[in-house]
Amino acid sequence: MERALLLDNRYPATHRDAFCIPSFGSMGLRSDAANTSDFSQVTYLCGNSLGCMPKSTRDAINKELDAWSDRAVESHFRHRGEPQGLTSWVDIDLPLSNLLPSVVGALESEVAVMGSLTANLNALLVAFYRPTSSRFKIICEKGAFPSDFYAFFNQCGIHNIDPNEALVRLEPREGETYLRTDDIIQAISENNEQLALVCLPGIQYYTGQLFDMEKITLFAHQFKNVVVGWDLAHAVGNVPVQLHDWGVDFACWCSYKYLNSGPGAIAGIFVHEKHSQVGSGSHKEDSYMPRLAGWWGNTRERRFQMKEVFEPISGALGFRQSNPSVIDVVALRSSLEIIQDFGGIEALRERSLLLTGYLLELLKESKFYHKSLPSGDVSKAGFIILTPLTESERGAQLSLYFFPHHDDRKLDTMERVSGYLNERGVIVDERRPNVLRIAPAPLYNTFQDVFRAVELLKEALQEL
Ligand SMILES: Cc1ncc(COP(=O)(O)O)c(C=O)c1O
């Protein structure tokens, strides 16, 4: 504990107070003092699933609720608070162009806030996946988040292509837990003549592997007409990315994990500027990339003319379809302001490496840690780490795989460890049947959080 305290003094969680951290009382947990109204904070290590609520979010949302109740439709164009920095609803998402691009390494014109992750992935696939009879393959993962797989699979149906031929689904080698970059490169190389799209996660949701996005994007782009898209659900706000400089064609993400914008929060897209320019001339419809279109993608002047002319805004904003939820947008804004105040994504990553490095160190010191799954007798409880151990190949999250597994939850190792932690106010993320994902969030977690979680995890395994 001494070391954790020392680290917390040296690298303090300067912005922890900007967040609401659930307490034993609010979670309905009994603390050590067996007092359910205990206001001491739990150890929340689940920011990879749902980030904690910034305290400023409530006020930001309340201001918009006030505007709705007091002025209703007027607030679309004449927000009462506009001179004081509140934006009329018609432009509510535009101020985010000062905050979001630096988080994803994009130009201002390359980012838009809209919809939800899966809806946006589907929209971007409609725009970017243009299979021909000779070029139609999609490189994706075998273990992709199911929503992503459904999106790829459905594209095959939409285009009348056999998914068994079109989907090249990569998986780790036998006995390994994550994909080797070289194997991805080789798959691109081997399939290059028929390859239309490479679409992978920036960070894998299950293993926590951080992909070498730069290398994979640059390699795939050697081949003409290959599009590269990234699902950044677990990467955005977690690790720095340089989408523009790497030449990524498109990316999408959600904002409820490391961007702390609330459950089902408004999501985001990146479209490289090379794809989103709208030409001039009389035949505008031929001068932009066809896409799922809606009035909010239309230029502001056209939007309210109600004419049957779609003339999209140049840039990612031209991919928006609907007017965004004002409540959602201001929730995202209040969270992005905290990230900016912290020093941006590079500063976050610096602290994140220290926190997760400390977590890894403590886990590896434990007698229950195994480098690989023991062959033969696995009756003794233990765990392996699925996530790459090298810093450059992981973000905040470590994924622990527990054994032995038992179909009866009451006897299963992971379930029992998870239950033990939960009862004692350590909130981590379960992936049945074997995995717990632990993600210290650099904005609000402390080294003491990490220490406490590992101590209790060891205690749980000891008790089995
Ligand atoms: C990698 C990945 N893709 C897609 C999704 C689906 O997100 P949504 O429900 O916001 O569309 C998630 C959700 O956690 C995810 O982690």
Side-chain angles (χ1 to χ4, degrees), residues 45-52 100 104 112-126 128-129 138-155 167 169-172 178-179 184 197-211 213 216 228-239 241 243 248 250-270 292 319-322 324-325 327-329 331-332 335 386-387 393-399 427-432 435-439 441:
L45 293 165
C46 210
N48 60 313
S49 180
L50 180 69
C52 285
L100 195 50
V104 292
V113 166
M114 60 188 246
S116 59
L117 171 53
T118 306
N120 291 347
L121 177 61
N122 277 309
L124 290 165
L125 289 175
V126 165
F128 280 91
Y129 179 56
I138 301 177
I139 288 190
C140 53
E141 297 171 281
K142 183 107 196 284
F145 194 88
S147 215
D148 295 30
F149 172 68
Y150 306 150
F152 304 140
F153 187 85
N154 265 11
Q155 282 297 315
L167 301 185
R169 302 177 67 196
L170 308 181
E171 57 186 324
Y178 55 89
L179 274 164
I184 301 173
L197 172 68
V198 178
C199 197
L200 294 166
I203 289 186
Q204 221 281 347
Y205 82 98
Y206 182 74
T207 64
Q209 177 186 8
L210 167 58
F211 283 68
M213 289 178 257
I216 293 165
V228 182
W230 293 97
D231 174 345
L232 300 182
H234 289 261
V236 71
N238 181 0
V239 292
V241 291
L243 299 178
V248 167
F250 72 85
C252 46
W253 56 86
C254 51
S255 313
Y256 41 80
K257 299 178 187 293
Y258 299 96
L259 292 187
N260 310 306
S261 302
I266 196 156
I269 64 162
F270 165 89
L292 290 188
F319 284 74
R320 293 177 305 174
Q321 296 171 52
S322 302
S325 154
I327 305 291
D328 274 357
V329 170
L332 174 57
S335 163
L386 299 179
T387 316
E393 291 182 282
R394 59 174 153 79
Q397 169 190 326
L398 294 182
S399 303
I427 314 301
V428 296
D429 187 41
E430 264 185 9
R431 281 286 150 185
R432 293 205 169 99
V435 173
L436 289 182
R437 301 182 300 175
I438 307 180

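Remember, it's a predicted structure, so these values are computed and weren't measured experimentally. Whatever order the structure lists them in is the order used to number ligands and atoms, beginning at 1.
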Handout entry: Contact with ligand 1 for K257, non-hydrogen, under 4.0 angstrom
Key =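 Contact check K257 vs ligand 1: positive.
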Is there side-chain contact between [X] and [Y], with at least one heavy-atom pair below 4.5 Å?
{"X": "W230", "Y": "L200", "answer": "yes"}
{"X": "T207", "Y": "Q397", "answer": "no"}
{"X": "E141", "Y": "P201", "answer": "yes"}

Handout entry: Under 4.0 Å to a heavy atom of D148 - the qualifying atoms of ligand 1, by number
Key =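 Result: 3 (N), 4 (C).
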Practice task
With heavy atoms of T118 as the reference, note each atom of ligand 1 found under 4.0 Å away.
Solution key: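 Going through ligand 1 atom by atom, the ones under 4.0 Å from T118 are 6 (C), 7 (O), 8 (P), 11 (O).
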Problem - Side chain, backbone, both or neither: the part of L121 lying under 4.0 Å from ligand 1 by heavy atom - result: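 Neither part.
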Handout entry: Part of A233 with heavy atoms under 4.0 Å of ligand 1, whether side chain, backbone, both or neither
Key =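 Only the side chain of A233 comes within reach of ligand 1.
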Nearest neighbour in protein (non-hydrogen) for [atom]:
{"atom": "atom 1 (C) of ligand 1", "value": "D231 OD2, 3.4 Å"}
{"atom": "atom 7 (O) of ligand 1", "value": "Y256 OH, 3.0 Å"}
{"atom": "atom 16 (O) of ligand 1", "value": "H234 NE2, 2.9 Å"}

Exercise for the section: Measure the acute angle between the ring planes of F128 and F319, then classify it against the limits of 30° and 60° as parallel, tilted or perpendicular. Expected result: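 Ring orientation of F128 relative to F319: parallel.
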Problem - Polar side-chain atom of R437 near backbone of S49 as donor-acceptor pair, under 3.5 Å - result: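 Between the backbone of S49 and the side chain of R437 there is no qualifying donor-acceptor contact (under 3.5 Å).
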Practice task
Apply the test salt bridge (charged side-chain N to carboxylate O under 4.0 Å, His left out) to residues E171 and R169: give CA-CA distance (whole Å), side-chain angles for both, the deciding distance (0.1 Å), then the verdict.
Solution key: CA-CA 7 Å; E171 57 186 324; R169 302 177 67 196; over 6 Å; no
